[in-house]
Colleague: 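Shown below is the structure under consideration.
The sequence lines fix the lettering, A, B, ..., with proteins before strands; numbering per chain opens at 1.
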Number of protein chains: 2
Amino acid sequence: MATIKDVAREAEVSTATVSAVINDSAYVSPALRARVLSAIDALGYAPSQVARNFKHGRSQLIALVVADLANPFYSRLVWAAEADVSAWGYSLVVFNSDEKPDNEKRILSRVRMLGCDGVLLVPVGDEDHYPVRDTRRWPPTVLYGRSFNRDNMDTVTLDNHEAARLATNYLLDLGHRRIGSIAAPTHLNTGRDRLAGMIDAMAARGVTPRPEHIRSGDFREQMAYSVAREMLKQPDRPSALYVANGLMALGVMRALSDLGLRCPEDISIVSTDTVSGPGGLRPQLTRTEHPLEEMTYEALRLLVDRIQHGNSRPPGNVVFTPSLVLGDSCAPATDG
Amino acid sequence: MATIKDVAREAEVSTATVSAVINDSAYVSPALRARVLSAIDALGYAPSQVARNFKHGRSQLIALVVADLANPFYSRLVWAAEADVSAWGYSLVVFNSDEKPDNEKRILSRVRMLGCDGVLLVPVGDEDHYPVRDTRRWPPTVLYGRSFNRDNMDTVTLDNHEAARLATNYLLDLGHRRIGSIAAPTHLNTGRDRLAGMIDAMAARGVTPRPEHIRSGDFREQMAYSVAREMLKQPDRPSALYVANGLMALGVMRALSDLGLRCPEDISIVSTDTVSGPGGLRPQLTRTEHPLEEMTYEALRLLVDRIQHGNSRPPGNVVFTPSLVLGDSCAPATDG
DNA sequence: GTATACCAGCTAAACGTTTCGCTGAGTATG
DNA sequence: CATACTCAGCGAAACGTTTAGCTGGTATAC
């Protein structure tokens, strides 16, 4: 690969002049400029971004660390983030912590070594597990979707309590009272809030869910399948389920199908965060949806601002509001 | 951020010694080693990968350039590639060309500037559009899924002709004769091969598809929807469709649903490359599937080998065989 | 004609690492 | 005791850029 020195030699100028031409950072006479340009052309020279970044102490890289790349929700996040990141002039490095705090730790240290300029992180560990977010040592970080009670960090989250409340109220409005849940892990605030929202919504109507109708999943299809299968085998199974995310809802659907139960006739299902495939497949899930694109845009806006302006601004904690999207996975209760 | 010099000063040794300790690249006496380690600890030092990479002329980055990040097939590719890439000690930078040759061009030049060590590319342009793959100037590249007749490049592809043949034969076996196709763009070999495979399979049974039953899509849901809607409105609509990819199959499903047609009762659908959601949703598409994980692993094996050993090995062109996966989107023909 | 101002272009240092080659002390060999 | 050898550790160059500061020539002002 040709270097700036080769170009300088070829054009019989100094490297400073070549640099000035490349970056338009100083006036260069037309004659010299032409010589430089033709030398660049002749040698097929392209400036080394690696060297530039090294010089400037940046990398033009933004890391996206998600909890589970196999989850369509995070696939969409990758899609949205790639678009925004490249619009801001960065490139997106993608990591998958696979819901494992150990992986996340390894990834974060790799992110630091790579010198990524910023990190968009869907955290999977509990709070204490994180290295102190000393801005001297860590690149700017924005937490996405999940957060902990660290008020000194930028976060972009969903009002999970409200999402669960919306979904549960819909079931209550349909007359359901025996409502169960495949919940999210309770060591995450996401899981706690969604469960609390559901229980609060029921309590507001004077209903209490049966403990055996509330089970925790791990956000994944497989475990939701087993847990739902177990729960729905029981004779006193719930007539409706609030499932804490879309992927688990698919697992529940599969369990239903295996048990010969129909949705929505036998069981109504509502979930949160679903990214349904395009229409045509049945049933379409009734769900609360994250405004994913807006959330992603906002997160990257915060991140880029932090990268460019440091700690001048107080931490931003943006909470988005979910909306209920009706599908056909719910039917009125038949048991009063 | 502390640098190696700070550590050296703190430990009262030379930077060379610190480097030796970090990299275990030379013997260092226990005493000095201890001093260095505690200095590293005290300063919270982590070596700058940027500087290292600059020094070594590499970046530890592998670029993945896909044709459409919104397509679940490529989402799965991201998932598989991330896992393999990180197992090889690299990090994955993701780009989305969005099926646009212009974007791809921009992306490739960015990839070069970033100094990525290798590129896994799903090409979207036609052949001539590509910069000469002069190994002096371009990082090692492996073409994935699509290719062109450049026998001097590493490629990993699917036997598209066979995929279409498998799918079409299944429809023929069910008695269908009025078979149509929502095909892939014919400027890509993928599109040409899939269409040819379908037509050849039909020809082998003495059937010829009607021209108006063959329409090209662009791999996306939206266009497949419109095209299918148009085609299926006609009174002489086909009784079965071979759809060239999974995302388009979903578009077709939506069109069916809008037109009040049922699958498989009114129309049978087979597709290629589908990544169906987990079971439970109906109908499950009958499809040929790519051995995606194996393909991805193989592609990265080729790429890493090329990165590490240069051009010593002749180009590898690995072709994988698709397999037919039965769902419930097909029914026997009712019209003989 | 001298002093001043301007400006195009150059020189060289700096960024954080790795690594080649050197030094000098200690040890073995004769 | 002198020479050779070993080897822990050091100094400094090199990687490809950017950029602060300098130089020397030309134009302007008096």
Colleague: So if I take every side-chain heavy atom of Val13(A) and compare against dG11(D), dC10(C), dT17(C), which nucleotide ends up nearest?
Modeller: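 Ranking dG11(D), dC10(C), dT17(C) by closest atom to the Val13(A) side chain puts dC10(C) first.
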
Colleague: Out of dG9(C), dG16(C), dA8(D), which has the shortest distance to the side chain of Ser29(B)?
Modeller: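 Nucleotide nearest to Ser29(B)'s side chain: dA8(D).
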
Colleague: Any side-chain N or O of Ser19(A) below 4.0 angstrom from OP1/OP2 of dT19(D)?
Modeller: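 It does not, given that no N or O in the side chain of Ser19(A) lies less than 4.0 Å from OP1 or OP2 of dT19(D).
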
Colleague: Would you mind telling me which of dC10(D), dT17(C), dT18(C) lies closest to the side-chain atoms of His56(B)?
Modeller: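 Per side-chain heavy atoms of His56(B), the pick is dT18(C).
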
Colleague: Have a look at Val28(A) and say if it touches a base, only the backbone sugar-phosphate, or nothing, with a 4.0 Å heavy-atom cut-off.
Modeller: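 Sugar-phosphate: the residue Val28(A), judged by heavy atoms under 4.0 Å, touches backbone atoms but no base.
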
Colleague: Are the side chain of Asn96(A) and the backbone N or O of Leu69(A) linked by a donor-acceptor pair below 3.5 Å?
Modeller: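 Yes, because the side chain of Asn96(A) sits within donor-acceptor range (under 3.5 Å) of the backbone of Leu69(A).
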
Colleague: Phe54(A) has an atom CZ; how far is it from atom P of dC15(C), in whole Å?
Modeller: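 Nearest whole value for this atom pair: 9 Å.
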
Colleague: Could you check how far CD of Gln49(B) sits from C1' of dC15(C), rounded to whole Å?
Modeller: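 To the nearest whole Å, that distance equals 16 Å.
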
Colleague: Here's a test for you: under ring-ring contact (aromatic ring centres under 6.0 Å, His included), which of Phe320(A), Tyr74(A), Phe73(A) qualifies with His290(A)?
Modeller: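 Testing each of Phe320(A), Tyr74(A), Phe73(A) against His290(A), the sole residue satisfying ring-ring contact (aromatic ring centres under 6.0 Å, His included) is Phe73(A).
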
Colleague: Between dA8(D) atom P and Asp24(B) atom CG, what is the distance in whole Å?
Modeller: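 Asp24(B) atom CG is separated from dA8(D) atom P by 13 Å.
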
Colleague: Rounding to a whole Å, what distance do you find between Met113(B):CE and dG16(D):P?
Modeller: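 About 16 Å, once rounded to whole Å.
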
Colleague: Rounded to the nearest angstrom, tell me the gap between atom CZ in Arg58(B) and atom C1' in dG16(D).
Modeller: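 About 16 Å, once rounded to whole Å.
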
Colleague: Could you state the CZ-C1' distance from Arg9(A) to dG9(C), rounded to the nearest angstrom?
Modeller: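 So the CZ-C1' distance, Arg9(A) to dG9(C), works out to 19 Å.
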
Colleague: Taking only the side-chain heavy atoms of Ala51(B) (C-beta and beyond), determine which of dC10(C), dG16(C), dG9(D) contains the nearest atom.
Modeller: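 Per side-chain heavy atoms of Ala51(B), the pick is dG16(C).
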
Colleague: Between Asp154(A) and Arg313(A), is the closest basic N to carboxylate O distance under 4.0 Å?
Modeller: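 Salt bridge flag = yes for Asp154(A) with Arg313(A).
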
Colleague: Ignoring the backbone of Lys5(B), work out which of dG9(C), dC15(C), dT18(D) is nearest its side chain.
Modeller: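 The listed nucleotide nearest to Lys5(B)'s side chain is dC15(C).
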
Colleague: OP1 or OP2 of dT18(C) versus the side-chain N and O atoms of Arg52(B): is any pair under 4.0 Å?
Modeller: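 For Arg52(B), the contact criterion (side-chain N or O under 4.0 Å from OP1 or OP2 of dT18(C)) is met.
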
Colleague: Report the nucleotide, chosen from dG16(D), dT18(C), dT11(C), that has the shortest atom-to-atom distance to any side-chain atom of Thr15(B).
Modeller: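 Among dG16(D), dT18(C), dT11(C), the one nearest the side chain of Thr15(B) is dT18(C).
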
Colleague: Decide yes or no for Glu293(A) and Trp79(A): does some side-chain heavy atom of the first lie under 4.5 Å from some side-chain heavy atom of the second?
Modeller: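 When only atoms from C-beta onward are counted, Trp79(A) and Glu293(A) do touch, with a gap below 4.5 Å.
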
Colleague: Can you tell me if the side-chain N/O atoms of Asn53(B) get under 4.0 Å from OP1 or OP2 in dT17(C)?
Modeller: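 Result: no.
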
Colleague: Which residue lies toward the 5' end of DNA chain D, Glu12(B) or Tyr45(A), if each is placed at its nearest nucleotide?
Modeller: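 Counting from the 5' end, the first nearest nucleotide belongs to Glu12(B).
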
Colleague: Please state how far atom NZ in Lys55(A) lies from atom P in dT18(D), giving the value in whole angstrom units.
Modeller: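 So the two atoms are 9 Å apart, to the nearest Å.
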
Colleague: May I have the distance from Ile4(B) (atom CD1) to dC15(C) (atom C1'), rounded to whole angstrom?
Modeller: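 Answer to the nearest Å: 14 Å.
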
Colleague: Counting just side-chain N and O atoms, does Thr17(A) come under 4.0 Å of either OP1 or OP2 of dG9(C)?
Modeller: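 For dG9(C), OP1/OP2 do not have a side-chain N/O of Thr17(A) under 4.0 Å.
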
Colleague: Any ion pair linking Lys100(B) and Asp102(B) (charged N to carboxylate O, less than 4.0 Å)?
Modeller: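 Between Lys100(B) and Asp102(B) there is no salt bridge, as every charged N stays at least 4.0 Å from the carboxylate O atoms.
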
Colleague: Say whether Asn103(A) and Ser97(A), considering side chains only, have a donor N or O and an acceptor N or O under 3.5 Å apart.
Modeller: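 Checked: Asn103(A)/Ser97(A) side chains show no N/O donor-acceptor pair below 3.5 Å.
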
Colleague: Which one, dA8(C), dG16(D), dT18(D), comes nearest to the side chain of Tyr27(A)?
Modeller: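 Given the options dA8(C), dG16(D), dT18(D), the side chain of Tyr27(A) is closest to dA8(C).
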
Colleague: Counting only side-chain heavy atoms from C-beta out, which of dT17(C), dC15(C), dA12(D) sits nearest to Ser48(B)?
Modeller: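 The listed nucleotide nearest to Ser48(B)'s side chain is dT17(C).
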
